Amino acid sequence: MAEHLTEHTPAPAASGPEPMATVTFLHPAPTMPAEPPTVGPDDRTVVLETARVILDKPTTPAPVVGPVEKVDLDDFDADAPLIPAWMYSAEGWAAWAGVFYRARRRDFRRWVRRQPTQRGHVRQFGRGARRAHEWVVGFEGVRVQSAAHTAHVLTREAKLAARHARFTPRIFGTKKELAMKAAEKATKAAEEAVLLHKKAKKDRNRARNLRAGVAYGPPLAAIGTGYVMAGGLGLTAGLLSTFAGGAFVGRTPYDEEADWTSDWRSLGDGDRMTAPMLDQTFRAAKVIGSEETLGVVQMPMLDARGAWTAVLDLPPGVPAKKALRATDELAAAFGVEEAQVSVAKRGRAGRIELYVSRDLPFTDKAAPGPLLALESPADFWGRISIGPDVRGIHQSISVVERSGLIGGEPGAGKSASGNTILLAAALDPRVILWLADGKGGGDLEPFEHLCERYEGDADPEAFSAILDELLAEMKARYALLKKLGKRKVTEELANKHPELRQLLLWVDELMLYTTDDEHGKKITRKLRNLVSRGRAAGIITFCATQKPGSDVVDTSLRDLLSIRWALRCTTPEASDTILGKGAAASGYSAKTIQSEMRGAGLLWAEGTNPTMVRADYYTDDQVTALIERATDWRRAAGTLPSGPVTLAEQLLKLGDEDAAILAHLLDAFHHDIPDMTADWLPGQVLLDYLKGQGLAVTAERLGALVVRTDEEKAKRPWGEKGSRLSGYPLARVEATITARFGLTA
C-alpha cells in the first residue's frame with residue numbers, strides 16, 4: 001500500500017528569509033541522501049535538488065489525501081527579483097523550452113487549419129495566381145469572340161447574297177444588277193470582318209505575351225537564379241518568395257464569392273453582360289416571349305468608358321420600336337437607371353444597338369468647349385459642334401437652310417445649351433445677328449453690341465416691329481436673288497454680295513411674345529411666314545422657351561422648325577411639344593432626363609431618331625472672352641455694327657439743304673448742355689448757332705421751315721435778366737422732321 005509522506009522544511013530564524021513553500025510527495029518515502037547536497041548556499045536549493053532526486057524515481061501514484069501544494073517555479077529570488085527561480089536549474093530551462101515548443105506546435109497546427117479558409121496563405125496564393133492569370137488573359141478575348149461572331153454572321157449573309165445573285169436570271173435586268181451589287185457589298189463587309197477578327201487575335205496575343213512576361217518573368221527568374229546560385233537552398237528561397245508574392249496579391253477575397261446563391265443577377269450587381277442575361281432581361285421587359293431568344297450580331301463588350309454595348313436581332317415579327325418603348329422596363333431588368341440605357345435602330349427594322357453605361361451619364365464635369373481653341377473665325381456655313389452623346393462621341397449639326405426650337409423646364413440648362421449655337425454665329429464675322437430677349441434677364445445682353453437689331457425689354461410690340469423689318473429684309477433678298485438669277489443663298493453668293501450674308505434671328509423665351517393678348521397671334525403668324533420662306537434667303541430662326549406647351553409653340557410653327565432640342569421636361573406632353581406628337585410613346589421622352597444631367601437633352605437634327613446629347617458648356621468668363629474675340633474679328637472684317645444712328649446723322653445723310661439746317665438745329669439743343677437736352681431755345685440763339693456752323697439762315701426762313709402755333713410763339717423768360725424772347729420748342733422741330741422726311745429718333 002502506498003504510503004503518504006509529508007515533509008516540512010525547518011522553520012527559519014526570526015531574522016532569516018521568509019518561510020519556504022511546502023513540498024508534498026505523492027509516492028512512498030524514498031531513501032533520503034545521507035548528507036544534504038551542497039549545490040547552493042540556501043535552503044531553497046536543497047528543496048529543489050531533493051525534489052529532483054525524488055521525481056527521478058518512477059512509482060505508482062498514490063491517491064491524494066488532503067490539499068496538494070506545488071512548488072512555484074516562477075517565484076522570484078529576493079536578492080535578484082527580476083530572475084525567476086527556474087533559471088537556476090536545468091529542469092527549469094527544460095520546462096521553459098517545452099512551453100516554447102508546445103506553443104510553436106500549436107501555432108503550426110493553427111496555421112494548417114487556417115489554410116482552407118479565405119484568410120489562409122494557400123488560399124491567398126491561389127487567389128493571387130488566379131488574379132495574375134486573369135490580368136494576363138485580359139479582356140481582349142471578348143473582342144476576339146465578338147469579331148469572330150460578327151465575321152461568321154456576315155460571312156453567312158454574304159454566302160446567301162452571293163447565292164441569290166447567282167441564281168437570279170439575267171433577264172430580270174435591274175433585279176440581277178441589284179442582287180450583284182448587294183452580293184459585292186456583303187462580301188466586302190464579310191472580308192472586312194474577317195480582317196478585323198485576325199487583327200483582334202493578333203492584338204490579343206501581343207498584349208497577352210507582354211503581360212505574361214511582366215507577371216511570370218520575375219518569379220521564374222527568382223527561382224532559376226536561386227537554384228543556380230545556391231542549389232536546393234536557393235530553389236527553396238525562390239519558391240518561398242514566389243509563394244509570398246502570390247499570397248500578397250491575393251490577400252483580399254473576391255466580393256462576388258459571397259453571393260453565389262442569388263437567383264437573379266444583373267449589371268447593377270456588377271455582373272458581366274452575356275447572351276443568356278440579354279435573353280432573360282428582354283423576356284422580363286416583355287419585349288420578347290418566354291420561348292424566344294435574341295440573335296446576337298455583335299457580342300456584348302466593354303468600351304473604353306466601361307459601358308456595355310451589343311448589336312442584337314429581335315425575333316422575327318418583333319419591330320425595333322417595341323424595344324425603344326420598353327427602355328424603362330429594360331433598365332429595371334438590368335438594375336440600372338433608365339438614363340443609363342440607350343436603344344437605337346441599327347440598319348434594319350428588327351436590329352437594335354444596346355448601350356448600357358456604367359454610371360449615370362452627363363454627371364461628370366464637362367470638358368472645355370471646342371470654340372475656345374479657335375484661332376481664326378468660325379464657319380457658320382459648316383457644321384456646328386453641339387456636344388458629346390452618351391457614348392462620348394462628339395455630335396455636330398448643320399443649320400444652313402434650317403431653323404430650330406430649344407425647350408425645357410427652368411434650370412434644365414437652356415441658356416447654356418443655346419450658347420453653343422449663338423457663340424458659333426457670333427464668332428463668324430459674316431453672320432448678321434438679330435436677337436430678342438423675351439425674358440429680359442440680361443442673358444443676351446453681352447451680345448447686344450454685335451447685333452444689327454436687339455430687343456431686350458421683353459416688349460411684344462417692339463418685337464413685332466422687328467419681325468416686320470425682317471420680313472421686308474426677306475423680300476429685298478428675294479428680289480436680289482431674282483435679279484441675279486439664283487434660287488437660294490449659298491456661301492459663294494453671300495461672299496460676293498454682303499447684303500445676302502447669313503442672318504440669325506434668335507428669340508429667347510418665346511412664351512412672352514406668343515402669349516401676349518394683343519400681339520401674340522400676329523407674332524406667331526409672322527414667325528411662321530419667316531420660318532417657311534426665309535431659309536432659302538439665308539435667314540435662320542431659332543426659338544427657345546422654358547414652357548414648351550401647345551399654347552406657346554403652335555403646332556403649325558413647330559412643324560416648320562426642323563432642328564428640335566428637348567431638354568429636361570416635367571411631363572411627356574411637354575416633351576412631345578418639342579419633338580412632335582408620339583415621340584414619348586416611341587421611347588423618346590425628355591421626362592426621363594435626371595435633374596443631375598444638366599444641359600443634356602434629346603437632339604433631333606439629323607437622322608430618323610433623336611439622340612441624347614449634352615451641350616458644350618462655357619462659363620461666364622469664357623463667354624465674355626469669346627465675345628471679345630468675336631468683337632475683334634468683326635471689327636477687323638468691317639462687320640461690327642456702328643450702333644444706333646442719331647436723327648441728326650440720318651438728316652445729314654439725305655444731302656438736302658433744309659435737312660442739314662434741321663440737323664444743326666437738333667445739335668443746337670444739345671450744344672450748351674452736352675449730357676442733357678433743352679426743350680426750348682430762343683430763335684436768336686438758334687440763328688447764332690447756325691451762323692457759327694456756316695449756315696446763313698434768316699429769321700423768316702427759319703420761321704417758314706419750322707411752322708409754330710400761336711401758343712408756341714408766345715414769349716418766355718430767358719437768361720439771367722429774365723428777358724422775354726420768342727423761341728422754338730424741340731418737340732416742334734422733331735415733328736417737322738417727321739412730317740417732312742418721315743424720320744424719327
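Computed from a predicted structure; not experimentally measured.
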Take atom [atom1] in [X]; do more than 12 heavy atoms of anything else shown fall under 6.0 Å from it?
{"X": "Glu461", "atom1": "CD", "result": "no"}
{"X": "Glu596", "atom1": "CD", "result": "yes"}
{"X": "Lys439", "atom1": "NZ", "result": "yes"}

Nearest 0.5 angstrom please: [X] [atom1] to [Y] [atom2], how far?
{"X": "Glu734", "Y": "Leu662", "atom1": "CD", "atom2": "CG", "result": "11.0 Å"}
{"X": "Ser562", "Y": "Glu401", "atom1": "OG", "atom2": "CD", "result": "10.0 Å"}
{"X": "Asp508", "Y": "Phe447", "atom1": "CG", "atom2": "CZ", "result": "10.5 Å"}
{"X": "Ser575", "Y": "Ile593", "atom1": "OG", "atom2": "CD1", "result": "7.5 Å"}
{"X": "Trp565", "Y": "Leu603", "atom1": "CH2", "atom2": "CG", "result": "6.0 Å"}
{"X": "Leu505", "Y": "Ile466", "atom1": "CG", "atom2": "CD1", "result": "8.5 Å"}

Review point. Sequence neighbours excluded, which residues qualify as salt bridge (charged side-chain N to carboxylate O under 4.0 Å, His left out) partners of Asp710?
Key: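 By the salt bridge (charged side-chain N to carboxylate O under 4.0 Å, His left out) rule, Asp710 matches no residue at all.
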I need the minimum non-hydrogen distance between [X] and [Y], along with the two atoms involved.
{"X": "Pro446", "Y": "Ile627", "value": "CB-CD1, 3.4 Å"}
{"X": "Trp718", "Y": "Leu725", "value": "CD1-CD1, 3.9 Å"}
{"X": "Val697", "Y": "Leu687", "value": "O-CD2, 3.4 Å"}
{"X": "Gly599", "Y": "Ser417", "value": "O-OG, 3.8 Å"}
{"X": "Gln594", "Y": "Ala339", "value": "CG-CB, 4.4 Å"}
{"X": "Ser398", "Y": "Ile563", "value": "O-CD1, 3.9 Å"}

Review point. Checking salt bridge (charged side-chain N to carboxylate O under 4.0 Å, His left out) for the pair Arg430/Asp428: CA distance, chi angles, key distance, verdict?
Key: CA-CA 5 Å; Arg430 300 171 297 178; Asp428 188 346; 3.1 Å; yes
Point to revise | Within 45° cone and under 6.0 Å: Arg708 NZ/CZ vs Tyr728 ring | key: yes
So, does [X] use its side chain to make a donor-acceptor pair with the main chain of [Y] at under 3.5 Å?
{"X": "Tyr618", "Y": "Thr624", "value": "no"}
{"X": "Arg564", "Y": "Leu602", "value": "no"}
{"X": "Thr524", "Y": "Gly520", "value": "yes"}
{"X": "Arg535", "Y": "Val400", "value": "no"}
{"X": "Arg558", "Y": "Leu405", "value": "no"}

Exercise for review: Begin from the C-alpha positions of Glu492 and Lys496 and carry the test salt bridge (charged side-chain N to carboxylate O under 4.0 Å, His left out) through to its verdict.
Suggested key: CA-CA 7 Å; Glu492 181 181 2; Lys496 292 182 179 179; 3.7 Å; yes
What I want to check is whether the side chains of [X] and [Y] have a donor and an acceptor closer together than 3.5 Å.
{"X": "Glu491", "Y": "Asn495", "value": "no"}
{"X": "Asn529", "Y": "Arg525", "value": "no"}
{"X": "Lys526", "Y": "Ser464", "value": "yes"}
{"X": "Arg528", "Y": "Ser556", "value": "yes"}

Assess whether a salt bridge exists between [X] and [Y], defined as any Lys/Arg side-chain N lying under 4.0 Å from an Asp/Glu carboxylate O.
{"X": "Arg453", "Y": "Glu469", "value": "yes"}
{"X": "Arg477", "Y": "Glu473", "value": "yes"}
{"X": "Asp632", "Y": "Arg635", "value": "yes"}
{"X": "Asp364", "Y": "Arg614", "value": "yes"}

Please tell me if the side chains of [X] and [Y] come closer than 4.5 Å, counting only heavy atoms from C-beta onward.
{"X": "Trp680", "Y": "Arg716", "result": "yes"}
{"X": "Leu690", "Y": "Gln693", "result": "no"}
{"X": "Leu681", "Y": "Tyr689", "result": "no"}
{"X": "His497", "Y": "Leu484", "result": "yes"}

Check your understanding: Do Val390 and Met597 pass the side chain to side chain contact (heavy atoms under 4.5 Å, CB included) test, and can you show the C-alpha distance, the side-chain angles, and the key distance before you say yes or no?
Key -> CA-CA 11 Å; Val390 292; Met597 303 165 59; over 6 Å; no
Practice item. Test Val399 against every option in Leu504, Thr541, Ile384 by the side chain to side chain contact (heavy atoms under 4.5 Å, CB included) rule and name the one that passes. Key: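 Among Leu504, Thr541, Ile384, the one that satisfies the side chain to side chain contact (heavy atoms under 4.5 Å, CB included) with Val399 is Ile384.
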Exercise for review: For Arg701 and Asp658, run salt bridge (charged side-chain N to carboxylate O under 4.0 Å, His left out): C-alpha distance rounded to whole Å, both residues' side-chain angles, the deciding distance at 0.1 Å, then the answer.
Suggested key: CA-CA 10 Å; Arg701 183 177 181 182; Asp658 290 344; 3.2 Å; yes
Study note, to complete from the structure: Sorted by chain and residue number, the ring-ring contact (aromatic ring centres under 6.0 Å, His included) partners of Phe463 (sequence neighbours excluded) come out as Tyr513
Exercise for review: Using the test side chain to side chain donor-acceptor pair (under 3.5 Å), find all partners of Glu338 that sit at least two apart in sequence or belong to another chain.
Suggested key: none
